[in-house]
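So the structure is just underneath, and the comments pick up after that.
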Amino acid sequence: MISLQKFCNFFISKVTQIRAQISSNLTPNYQYANLCPSAFSNFQTISHSELLSIISNMNPTTCSFDAIPTKLLKDVLPSVLPSLLSIINSSLQMSSVPLCLKQAVVHPLLKKDNLDPSDFNNYRPISKLPFLHKVLEKCVLNQISPYLISNNILDPFQSGFRAKHSTESALLRVVNDLLLSADSGNCTILLLLDLSAAFDTVDHRILLKRLDIEVDFPLHFLHLNLLLKLIFFLRHMCNLILIIKLIL
């Protein structure tokens with residue numbers, strides 16, 4: 001009999017086992033970046049119209065932690081928007097995420113229909129976040145992305161999680177490089193890596209260190225330091241309470 005606790009234990013132990021296989025003697029090779037010409041020192045509050053546009057353009061996804069279905073929320077949005085705006089702006093100003101948003105419902109879904117449902121390795125955990133959490137994420141992203149782009153901080157070859165980029169743009173780049181290499185008479189070897197639980201095994205300390213050194217967020221004014229705010233959002237929006245909902 002498959003129990004919810006067994007699913008939970010499996011997902012947690014999987015990440016722990018992968019991390020245990022990584023040598024603790026490995027030292028990240030940080031590259032010190034030049035100081036950015038402008039500093040992103042603080043998150044800004046958003047306007048009534050900005051929040052209305054963000055929510056209106058989002059898919060009405062709902063999880064069991066939402067107080068009301070997202071579709072209903074959109075129907076009554078004019079009435080509740082002032083309250084939502086107060087929550088979002090308070091969160092941005094204080095760098096504080098409400099406790100009710102620090103949780104996710106995790107659905108273990110079979111990767112393929114013909115796989116053995118009794119083997120936990122055949123499941124992919126899908127996290128469903130509260131709708132307001134996604135709204136807050138979008139507000140933060142809308143302020144950070146222009147800063148990263150204008151200061152050329154993003155890797156030029158990054159295609160994932162980037163506007164106007166996708167797997168298609170990544171494939172076009174690879175195919176173009178292969179064709180150019182072939183036209184030059186060179187032999188090309190393509191090495192593809194598939195990382196298991198890649199996002200779940202990201203070391204937050206290394207990630208935050210890279211934000212400090214490579215992205216070069218200003219550390220000399222700690223009371224308005226974006227890095228400290230990013231640390232808060234990373235810790236309190238990634239360390240979620242996982243509630244396993246069994247779907248078989």
Side-chain angles (χ1 to χ4, degrees), residues 4 7-8 11 40 42-113 123-150 154 159-169 199-200 226 229-248:
L4 302 183
F7 264 115
C8 185
F11 291 145
F40 188 153
N42 206 351
F43 292 114
Q44 303 297 319
T45 58
I46 64 174
S47 66
H48 182 283
S49 59
E50 286 177 310
L51 183 58
L52 177 61
S53 175
I54 289 174
I55 296 179
S56 299
N57 291 314
M58 292 181 66
N59 293 327
T61 57
T62 299
C63 84
S64 57
F65 286 122
D66 287 318
I68 62 174
T70 304
K71 186 176 181 180
L72 177 59
L73 176 68
K74 285 193 168 188
D75 289 339
V76 297
L77 191 56
S79 300
V80 300
L81 193 61
S83 298
L84 297 180
L85 182 64
S86 176
I87 295 173
I88 295 296
N89 280 337
S90 295
S91 182
L92 293 173
Q93 287 180 311
M94 302 172 61
S95 294
S96 175
V97 181
L99 180 62
C100 61
L101 302 185
K102 303 176 189 177
Q103 51 192 357
V105 175
V106 180
H107 291 184
L109 301 179
L110 274 174
K111 298 177 181 178
K112 295 182 180 179
D113 293 338
Y123 287 88
R124 178 181 290 109
I126 305 297
S127 297
K128 292 189 174 183
L129 298 164
F131 181 73
L132 193 55
H133 177 111
K134 297 180 180 180
V135 174
L136 179 58
E137 280 187 341
K138 185 66 174 178
C139 295
V140 172
L141 179 64
N142 286 349
Q143 296 191 33
I144 293 179
S145 290
Y147 171 77
L148 298 177
I149 295 173
S150 62
L154 295 177
S159 289
F161 306 98
R162 190 175 180 182
K164 300 180 181 179
H165 290 70
S166 65
T167 53
E168 183 178 357
S169 58
F199 284 98
D200 295 330
L226 173 62
K229 297 179 183 299
L230 284 175
I231 288 175
F232 185 91
F233 276 104
L234 283 171
R235 287 178 177 172
H236 291 78
M237 298 181 86
C238 293
N239 294 340
L240 304 171
I241 302 172
L242 302 184
I243 307 298
I244 306 296
K245 182 176 181 180
L246 187 60
I247 297 182
L248 293 176

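When reading the values below, keep in mind they use all heavy atoms of this one structure, side chains included, and skip hydrogens, waters and symmetry mates. All of these numbers come straight from a predicted model, not from anything done at the bench.
- Residues forming a side chain to side chain donor-acceptor pair (under 3.5 Å) with Asp113 (at least two apart in sequence, or on another chain): none.
- Remark: Ser166 pairs with Glu168, Ser169 by the side-chain contact (heavy atoms from CB on, under 4.5 Å) rule, at least two apart or across chains.
- The distance from the CD atom of Glu137 to the CE atom of Met58 is 8.5 Å, given to the nearest 0.5 Å.
- Rounding to the nearest 0.5 angstrom, the gap separating the CD atom in Gln103 from the SG atom in Cys63 is 7.5 Å.
- Tested against Leu84 for a side-chain contact (heavy atoms from CB on, under 4.5 Å), the candidates Ile55, Val135, Asn89 yield a single pass: Ile55.
- Rounding to the nearest 0.5 angstrom, the gap separating the CZ atom in Phe65 from the CG atom in Leu101 is 11.0 Å.
- The residue from Ile88, Asp66, Leu73 that alone fulfils the side-chain contact (heavy atoms from CB on, under 4.5 Å) condition with Leu132 is Ile88.
- Under the rule for a side-chain contact (heavy atoms from CB on, under 4.5 Å), the partners of Leu52 that lie at least two apart in sequence or sit in another chain are Ser56, Leu77, Leu81.
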>> For Val105 and Ile126: C-alpha separation, side-chain torsions, deciding distance, then whether side-chain contact (heavy atoms from CB on, under 4.5 Å) applies.
In response: CA-CA 8 Å; Val105 175; Ile126 305 297; over 6 Å; no

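- Side-chain atoms of Asn142 never come within 3.5 Å of backbone atoms of Cys139 as a donor-acceptor pair (strictly under, hydrogens ignored).
- A distance of 8.0 Å separates CG in Asn59 from NZ in Lys134, rounded to the nearest 0.5 Å.
- The shortest non-hydrogen separation linking Ser47 to Leu85 is O-CD1, 3.7 Å.
- Scanning all heavy atoms of the two residues, the minimum distance from His165 to Ser159 falls at CB-O, 3.2 Å.
- Contact check for Leu110 versus Tyr123: side-chain heavy atoms found under the 4.5 Å cut-off.
- Between Pro82 and Ser79, the shortest heavy-atom distance links the atoms CD-O, 3.8 Å.
- Partners of Thr62 under the side chain to side chain donor-acceptor pair (under 3.5 Å) rule, at least two apart in sequence or in another chain, are Thr70.
- In this view, Lys164 satisfies the side-chain contact (heavy atoms from CB on, under 4.5 Å) rule with no residue, not counting sequence neighbours.
- When the side-chain contact (heavy atoms from CB on, under 4.5 Å) test is applied to Pro146, no partner is found at least two apart in sequence or on another chain.
- In this structure, Lys112 places its NZ atom where only 12 or fewer heavy-atom neighbours from other residues, nucleotides or ligands lie under 6.0 Å away.
- In terms of heavy-atom proximity, Glu50 sits nearest to Thr45 at OE1-O, 4.5 Å.
- Judged purely by atom type and a 3.5 angstrom limit, Ser53 has no side-chain atom pairing as donor or acceptor with the backbone of Ser49.
- Side-chain contact between Gln143 and Ile46: present, with at least one pair of heavy atoms (C-beta onward) separated by less than 4.5 Å.
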